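Have a look at the structure below before the remarks.
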Amino acid sequence: MPALNIDRADFLKEEDIVVFEASVARFLDEHAPESRVAKWREAGIVERAIWREAGEAGLLCLAIPEAYGGAGGDFRHEVVLMEQMARKGVSGFLASLHNTIVAPYILHYGSEEQKKRWLPKLASGEFIGAIAMSEPGAGSDLQAVKTSARLDGNHYVINGQKTFISNGQLADLIIVVAKTDPSRGAKGTSLVVVETDQAEGFHRGRNLDKIGMEAQDTSELLFDNARVPTSNLLGPQEGMGFVQLMQQLPQERLTIGITGVATMERALDLTIAYVKERKAFGQRLIDFQNTQFKLAECKTEATVARIFIDRLIGLHLEGKLDAATASMAKYWVSDLENKVVDTCLQLFGGCGYMNEYPIARMFRDSRAQRIYGGSNEIMKVLIARTL
Ligand SMILES: Cc1cc2nc3c(=O)[nH]c(=O)nc-3n(C[C@H](O)[C@H](O)[C@H](O)COP(=O)(O)OP(=O)(O)OC[C@H]3O[C@@H](n4cnc5c(N)ncnc54)[C@H](O)[C@@H]3O)c2cc1C
């Protein structure tokens, strides 16, 4: 039973989208059932095989043109994939980052040769993508990035350390934020693609131990005189990195909001079912007015968030989503997601604290949503600039 009463926006109700949604749901039921996801959590990493399976099913690079091996769809297809993953609790398999963050940098800023070289491999799952911005000394303050890419003949020599990098253990293609001219600050920052099997001097550090998203291989990366050809620069020239990041980050921020709403809807579904079953003091939990009021509040808040996010998806499809509005979606929805999931967890009582209950894992996974993609405080800094 759907958690909310309202309909989705019309552009998400078109027949091909509805058919696609059903096929994504089937794929996840078949290839990512809870028993398999639990094994990934235990291992701290998803199997490489799931990437190939998703590639074969046509679920990677959904909005990349067919000419480059993509599915030739648009952002609505990515929305469907992200929502289905969240609704089915497939946490840690970050196809959304690969599809909506990594691949678009190559599509928008890659040369024809780079697009033909990398996008088909990302679409098939032969290559798993990552983006490495954060460093031990630079997260929110990206201008403080220390990783350097020094020109040496027809190569860049990369030195530095990255941390908290999603897909870090598995990644075959990493977009690295590096200073090509450290004297020029933001204007000396570039995006350089590292193909991990070809870059001598590239090392993977720890697969980090997190409080949630255990199946995700969030990692440290080390570059010790790593050499990559100058043809791996996402150009057309050096120094474009910051502008490119600023142009692409709104989509990343919107995706966090999209996952946030789908997570709230799942939390509501699970909790409503639970409180209708569980009894205390001779009645069902749903019969207590406190339970009804708490869930009425959660449902109202999730509904407001759903309408907001669908409107922003529409704006984004029209190319009209600005950075500040995307930041509102990221910070406000992820804050609300944490509040709603926490309220729902409380209604599960002791079971809510047990990892075998999905609501417990959702509580832990949701926490990262307020931190990554730019912390919620940084979102407010960006919004405040428009006041
Ligand atoms: C699970 C996970 C996955 C991630 N995946 C990736 C990835 O794939 N690639 C990648 O590059 N990074 C990734 N990150 C890193 C993430 O983007 C950073 O953690 C985030 O941007 C915050 O940076 P920081 O950790 O250095 O915190 P800091 O910048 O040190 O911030 C610490 C605190 O200070 C606050 N703060 C900082 N500056 C200001 C300010 N100007 N005003 C007010 N408050 C401020 C922050 O909001 C925060 O609360 C990931 C992080 C996590 C947890």
Side-chain angles (χ1 to χ4, degrees), residues 40-41 44-46 86 91-105 128-147 158 160-179 189-194 196 204-223 241-242 244-246 248-253 255-256 259-260 263 326-327 330-332 334-335 337-338 361-385 387:
W40 298 341
R41 278 200 299 272
I45 190 164
V46 305
S91 158
F93 171 36
L94 277 191
S96 60
L97 175 117
H98 176 99
N99 284 7
T100 66
I101 301 171
V102 178
Y105 278 103
I128 297 167
I131 180 157
M133 299 179 256
S134 307
E135 301 183 356
S140 301
D141 182 10
L142 270 183
Q143 295 201 27
V145 156
K146 288 232 160 22
T147 298
I158 306 179
Q161 194 180 342
K162 297 288 182 181
T163 194
F164 309 140
I165 306 307
S166 302
N167 294 341
Q169 294 298 312
L170 286 171
D172 307 281
L173 181 152
I174 305 175
I175 298 174
V176 178
V177 178
K179 292 266 167 73
T189 304
S190 302
L191 305 184
V192 180
V193 172
V194 172
T196 57
R204 299 178 207 268
R206 288 179 300 158
N207 183 357
L208 297 161
D209 179 18
K210 303 186 293 301
I211 64 169
M213 292 174 67
E214 296 98 318
Q216 175 35 232
D217 50 315
T218 316
S219 300
E220 298 170 326
L221 304 176
L222 304 161
F223 300 89
F242 240 83
Q244 293 164 338
L245 287 168
M246 292 311 119
Q248 295 305 311
L249 282 171
Q251 172 156 305
E252 174 172 3
R253 288 165 182 160
T255 66
I256 292 171
T259 298
T263 302
S327 302
K330 195 276 169 178
Y331 112 71
W332 185 75
S334 65
D335 272 3
E337 171 191 3
N338 276 252
R361 298 197 296 273
M362 291 163 75
F363 176 78
R364 293 185 294 105
D365 291 354
S366 295
R367 191 61 185 83
Q369 291 256 96
R370 289 159 60 192
I371 300 169
Y372 56 41
S375 72
N376 285 6
E377 292 71 29
I378 294 300
M379 296 304 101
K380 291 178 198 174
V381 170
L382 296 175
I383 299 160
R385 282 187 192 147
L387 300 179

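Every number for a ligand or one of its atoms is a count from 1 in the order of the listing. If you're wondering where the values come from, they're calculated on a predicted model, not measured in any experiment.
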Strictly inside 4.0 angstrom of atom 33 (C) of ligand 1, do you find any protein heavy atom?
no
Judged by atom type as modelled, is there a donor-acceptor pair below 3.5 Å linking the side chain of Gln216 to the main-chain atoms of Asn167?
yes
Atom 30 (O) of ligand 1 protein-contacted, heavy-atom criterion under 4.0 angstrom
no
Nearest non-hydrogen protein atom to atom 7 (C) of ligand 1, with distance, is Phe164 O, 3.3 Å
Does an N or O anywhere in Ala368 fall below 3.5 Å from an N or O of ligand 1?
no
Considering Ser140, Ala132, Ala138, which one's heavy-atom position lies nearest to atom 36 (N) of ligand 1?
Ser140
Side chain Asn376, main chain Ser334, donor-acceptor under 3.5 Å
no
Considering only non-hydrogen protein atoms, determine which one is nearest to atom 1 (C) of ligand 1 and report residue, atom name and distance to 0.1 Å.
Tyr372 CD2, 3.7 Å
Do Glu135 and Thr147 meet the criterion of a side-chain donor-acceptor pair at a distance under 3.5 Å?
yes
Any protein heavy atom at under 4.0 Å, with atom 50 (C) of ligand 1 as the reference point?
yes
Counting only heavy atoms not in Phe242 (residues, nucleotides, ligands), do more than 12 fall under 6.0 Å from its CZ?
yes
For atom 41 (N) of ligand 1, grab the closest protein heavy atom and report residue, atom and distance to one decimal in Å.
Ile378 CD1, 3.9 Å
To check your reading of the model: name the closest protein heavy atom to atom 42 (N) of ligand 1, its residue, and the distance in Å.
Val381 CG2, 4.1 Å
Can you tell me if NZ on Lys380 sees more than 12 non-hydrogen neighbours from other groups inside 6.0 Å?
yes
Quick check: does any side chain N or O of Lys146 sit under 3.5 Å from a backbone N or O of Lys179, one acting as donor and the other as acceptor?
no
Report the distance from atom CD of Glu337 to atom CD1 of Ile256, rounding to the nearest 0.5 Å.
10.0 Å
Note the single closest protein heavy atom to atom 44 (N) of ligand 1, along with its residue, its atom name and the distance in Å.
Glu377 CB, 3.6 Å
Taking only heavy atoms of Ile165, which atoms of ligand 1 are found under 4.0 Å from at least one of them?
7 (C), 8 (O), 9 (N), 10 (C), 11 (O)
State, yes or no, whether a side-chain contact exists between Asn338 and Arg370 at a heavy-atom distance under 4.5 Å.
yes
Please check if the side chain of Arg364 supplies one atom and the backbone of Ile211 the other of a donor-acceptor pair under 3.5 Å.
yes
For atom 3 (C) of ligand 1, find the nearest protein heavy atom and state the residue, atom name and distance (0.1 Å precision).
Ser166 OG, 3.5 Å
Return yes or no for this condition: an N or O of Lys210 is under 3.5 Å from an N or O of ligand 1.
no
Contacting atoms of ligand 1, where contact means under 4.0 angstrom from a heavy atom of Ile371:
19 (O), 20 (C)
Could you measure the distance from the CD1 atom of Ile131 to the CG atom of Leu173? Nearest 0.5 Å is fine.
10.5 Å
Atoms of ligand 1 less than 4.0 Å from Met133 heavy atoms?
10 (C), 11 (O)
Starting from atom 9 (N) of ligand 1, which protein heavy atom do you reach first, and at what distance in Å?
Ile131 O, 2.9 Å
Of all protein heavy atoms, the one nearest atom 10 (C) of ligand 1 is Ser134 OG, 3.4 Å
Using a strict 4.0 Å cut-off to heavy atoms of Gly139, name the atoms of ligand 1 that fall inside it.
23 (O), 24 (P), 26 (O)
Is the shortest side-chain N to carboxylate O distance from Glu214 to Arg361 below 4.0 Å?
no
